[in-house]
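Down below is the structure, laid out as structure tokens.
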Protein chains: 2
Amino acid sequence: MANPTAAMLVIGDEILSGRTRDANMYFLAGELTKAGIDLREVRVVADDSDGIVAAVRALSKSYDTMFTSGGIGPTHDDITADCIASAFGRSIDVRADARALLQAHYDRSGQELNEARLRMARIPDGAALIDNPVSVAPGFTVENVHVMAGVPSVFQAMVASVLPTLTGGAPVLSQTLRVMKGEGDIAGPLGALAVDFSDLSIGSYPFQRDGVYGANIVIRGQDGARVDAAMTKLAEVFG
Amino acid sequence: MANPTAAMLVIGDEILSGRTRDANMYFLAGELTKAGIDLREVRVVADDSDGIVAAVRALSKSYDTMFTSGGIGPTHDDITADCIASAFGRSIDVRADARALLQAHYDRSGQELNEARLRMARIPDGAALIDNPVSVAPGFTVENVHVMAGVPSVFQAMVASVLPTLTGGAPVLSQTLRVMKGEGDIAGPLGALAVDFSDLSIGSYPFQRDGVYGANIVIRGQDGARVDAAMTKLAEVFG
């Protein structure tokens with residue numbers, strides 16, 4: 001059976017300007033693969049309402065689940081929650097349970113729950129909160145969209161909160177063979193193998209080190225015996 | 001005057017499976033910012049024809065320029081060139097000048113220009129070649145789309161070949177102030193500053209280190225005097 005599909009939307013000027021190197025896409029990709037959910041598409045957009053709303057609508061419609069990263073903090077450039085509400089035609093306001101979480105947190109740390117911080121309790125109507133054990137301010141789920149923070153430690157904690165609630169498929173198994181030949185010498189036999197094992201995904205990822213060409217051949221699939229069989233054949237050819 | 005806009009399409013199962021951490025987006029984002037070209041959107045898609053063709057059409061229409069990364073090698077999973085041809089309704093075949101480049105390269109290294117390697121000389125009709133000083137097999141430009149390799153060293157060399165041919169705008173200048181306060185304490189004054197300097201982009205990027213909260217406040221704009229003025233004001237408030 002085909003695995004559930006997912007998309008990710010990374011929100012933030014800092015990624016597109018090259019100031020910050022995104023870490024969340026790489027993390028989520030690995031976690032979803034382990035959970036048997038196929039990440040099919042990622043988009044990165046700026047802190048711009050129209051762009052965020054359009055991407056949320058497109059991706060949430062095309063895939064079973066989607067995840068967003070970034071833009072749910074207290075500052076003026078954090079507009080994700082409003083964009084999600086807008087994408088689904090829902091109202092958004094400070095919600096009592098989210099406010100109580102923040103109130104308790106700031107009471108403990110002796111800080112004021114001021115107007116800016118209260119923005120983090122603004123939740124679209126009908127959303128479920130996502131637990132944030134790192135810095136308390138919650139993420140939320142609306143329909144099939146999981147809205148999470150951009151700070152990697154918080155993002156990762158929220159992914160850990162959400163993943164057990166999702167139904168995954170069979171984890172995708174993968175095996176890799178490192179072949180110290182140029183891809184041009186690998187391509188012919190590899191293409192033939194890909195035809196014989198068309199139920200598997202067979203990829204070639206070339207590298208060059210100290211002037212020597214090589215490639216990692218990665219065989220992926222849900223059926224371990226088939227992956228083994230393809231890898232055995234591959235090793236015969238290139239071993 | 002508004003800067004030219006750009007998008008990037010990263011093509012490859014290995015990024016979406018979490019096997020490989022993308023490096024090309026981060027590199028291109030930094031180079032475009034220096035060149036005064038606004039990277040507005042990035043998409044990552046799998047090695048799937050329909051997805052690639054749709055993304056190329058959408059992004060090339062929405063932005064002044066677009067760049068692709070990945071899928072132009074000799075193996076069966078390298079389908080980018082065909083997808084680009086298809087996206088623009090152009091034919092594609094082995095081209096004499098691209099073939100001559102490869103022939104000379106493999107003659108020098110005593111390797112055979114076999115059928116697989118010859119795939120790398122397949123160029124959509126009417127494209128301009130992009131020089132590849134690292135491993136010779138060229139990228140190409142069709143209309144406003146620059147098609148480049150996924151291997152980071154080759155991608156970077158191709159970006160260096162293409163960038164001088166593009167018309168950039170004023171480079172975006174940026175200054176950063178590190179404030180050792182939680183974003184909730186920063187947000188109010190920062191929002192006011194953003195209103196006073198609405199011609200600039202002012203972002204807040206929070207971090208947490210050893211239990212202490214802080215944020216990097218980044219002010220960006222094309223007018224250095226305005227960026228200076230905003231930074232002076234910011235330092236007065238948080239210095």
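Keep in mind it's a predicted model, so treat the numbers as computed, not measured.
- Using a 4.5 Å cut-off between heavy atoms, A7(B) does not touch chain A at all.
- Proximity to chain B is absent for every atom of L28(A), based on heavy atoms less than 4.5 angstrom apart.
- The candidate from F27(A), Y213(A), Y26(A), F207(A) with the greatest count of non-hydrogen atom pairs under 4.5 Å with chain B is Y26(A).
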Report, one line per pair, each donor and acceptor closer than 3.5 Å where one atom sits in a side chain of residues 173-184 of chain A; sequence neighbours left out.
{"unit_1": "Q175(A)", "atom_1": "NE2", "unit_2": "D228(A)", "atom_2": "OD1", "d": "2.7"}
{"unit_1": "E183(A)", "atom_1": "OE2", "unit_2": "S204(A)", "atom_2": "OG", "d": "2.5"}

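- Residue contact with chain B, scored on non-hydrogen atoms closer than 4.5 Å, involves the backbone and the side chain of V134(A) alike.
- The residue among A194(B), A6(B), S17(B) with the most heavy atom pairs within less than 4.5 Å of chain A is S17(B).
- When every heavy atom of A187(A) is checked against every heavy atom of P74(B), the shortest pair comes out as CB-O, 3.3 Å.
- Atom CG of D22(A) sits about 7.0 Å away from atom CZ of R21(B), to the nearest 0.5 Å.
- Of all the listed residues (T33(A), L32(A), I15(A), D38(A)), the one sharing the greatest number of non-hydrogen pairs under 4.5 Å with chain B is T33(A).
- Between chain A and the residues K34(B), R119(B), R220(B), the most heavy-atom pairs under 4.5 angstrom are made by R220(B).
- Environment of CZ in R122(A): crowded, with over 12 heavy atoms of neighbouring residues, nucleotides or ligands closer than 6.0 Å.
- For E112(A), there are no side-chain hydrogen bond (donor to acceptor under 3.5 Å, both in side chains) partners, not counting sequence neighbours.
- Using a distance-only test at 3.5 Å, with no hydrogens or angles considered, a donor-acceptor pair links the side chain of H76(A) to the main chain of I202(B).
- Of the listed residues (E41(B), M25(B), M8(B), R40(B)), just one forms a side-chain contact (heavy atoms from CB on, under 4.5 Å) with V44(A), and that residue is M25(B).
- Taking 4.0 Å as the cut-off between side-chain N and carboxylate O, D185(B) and R117(A) count as a salt-bridged pair.
- Expressed to the nearest 0.5 Å, how far OG1 of T75(A) lies from CG of L190(B) amounts to 6.5 Å.
- Per-residue heavy-atom pair counts under 4.5 Å with chain A were compared for I186(B), N114(B), V45(B), and the maximum is reached by N114(B).
- A23(A) touches chain B through backbone and side chain together, each having a heavy atom under 4.5 Å away.
- Counting heavy atoms from C-beta on, the side chains of E14(A) and V218(B) never come closer than 4.5 Å.
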